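Working notes, beginning with the structure itself.
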There are 2 protein chains.
Amino acid sequence: MTQHHQIILLAHGSSDARWCETFERLAEPTVQSIDNAAIAYMELAEPSLDTIIADGSRQGTEHFTIIPLFLAAGRHLRKDVPAMIEKLEAEHGVSIRLADPIGMNPKLGLAIRDVVEEELGKSAN
Amino acid sequence: MTQHHQIILLAHGSSDARWCETFERLAEPTVQSIDNAAIAYMELAEPSLDTIIADGSRQGTEHFTIIPLFLAAGRHLRKDVPAMIEKLEAEHGVSIRLADPIGMNPKLGLAIRDVVEEELGKSAN
């Protein structure tokens with residue numbers, strides 16, 4: 001990956017700081033191991049998607065891949081985010097690819113099974 | 001785990017069948033490898049939490065652990081689900097433990113990193 005490509009982990013956002021902290025912890029292994037990866041929020045929290053794209057574009061990034069931190073695609077990912085992307089591409093002259101939400105990847109189902117197995121250990125008594 | 005204990009993977013629910021299908025696929029590895037595990041929805045889809053607890057209780061299950069298929073805890077998990085649980089415990093004479101949402105477990109952050117690395121392969125050209 002060149003510096004001209006940035007990964008954005010997109011979360012919904014909330015006015016509840018605890019909610020955002022959970023997403024920041026979820027993003028941490030990615031941000032720590034992958035250059036040029038950042039978290040952004042659709043709404044209600046900063047940094048917004050708008051902020052991240054504007055900053056990246058100013059620093060010369062031309063291509064962005066958005067990976068939604070959503071388990072499934074609902075209205076936000078089918079309608080709202082594509083509309084935001086169209087506007088941001090026109091505004092900043094960049095290309096933005098919207099990947100599937102993380103929950104569409106089979107790795108997530110396996111991680112969930114591992115979490116459940118850990119919970120079963122706790123409930124064993 | 002005895003037959004008297006059931007694991008419930010709780011998703012929000014949606015009137016969009018594609019949304020529910022994604023959650024059913026996410027639940028599949030768990031349901032296939034763990035006895036007495038089922039998916040349930042808070043609202044807008046079946047089987048509801050109510051249905052699963054009522055059925056389990058009728059079959060002799062006394063203890064349930066709910067593992068929320070949510071990345072973070074918002075209003076639903078802090079208020080709505082605890083209220084539903086209180087009502088269901090009284091109604092069916094069972095005990096229901098609400099576990100942390102899956103996104104609170106560090107395994108999820110690692111799975112997200114793996115998904116991002118897979119996406120990077122796709123974007124490499």
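First the proteins, then the strands, lettered A, B, ... as listed; each starts at 1. Keep in mind it's a predicted model, so treat the numbers as computed, not measured.
In the hydrophobic clustering of this structure, B:Leu26 groups with B:Ile34; members are Ile, Leu, Val, Met, Phe, Trp, Tyr whose side-chain heavy atoms approach within less than 4.5 Å, directly or through other members. In the hydrophobic clustering of this structure, B:Leu98 groups with B:Val94; members are Ile, Leu, Val, Met, Phe, Trp, Tyr whose side-chain heavy atoms approach within less than 4.5 Å, directly or through other members.
A salt bridge is absent between B:Glu28 and A:Arg113: the closest approach of a Lys/Arg side-chain nitrogen to an acidic carboxylate oxygen does not fall below 4.0 angstrom.
Taking CZ of B:Phe23 as the reference point, atom CD1 of A:Ile112 lies at 8.0 Å (rounded to 0.5 Å). Residue A:Arg18 holds its CZ atom at 9.5 Å from CE of B:Met104, rounded to the nearest 0.5 Å.
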- Item | Step-by-step salt bridge (Lys or Arg N to Asp or Glu O under 4.0 Å) determination, B:Arg97 to A:Glu119 | CA-CA 11 Å; B:Arg97 186 170 77 83; A:Glu119 281 298 330; 2.7 Å; yes
- Item | From CA spacing to verdict: salt bridge (Lys or Arg N to Asp or Glu O under 4.0 Å), A:Arg75, B:Asp16 | CA-CA 10 Å; A:Arg75 184 179 48 83; B:Asp16 183 343; over 6 Å; no
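Heavy-atom neighbours of B:Glu86 CD from other residues, nucleotides or ligands within 6.0 Å: at or below the threshold of 12.
By number of non-hydrogen pairs under 4.5 angstrom with chain B, the leading residue of A:Ala111, A:Gly103, A:Ala99 is A:Gly103. Top candidate by heavy-atom pairs under 4.5 Å with chain B, chosen from A:Ile67, A:Leu71, A:Asn105, is A:Leu71.
You'll find the side chain of A:Ser33 reaches within 4.5 Å of the side chain of B:Glu117, heavy atoms only.
In this structure, chain A has a heavy atom under 4.5 Å from the side chain of B:Leu9, while its backbone stays farther away.
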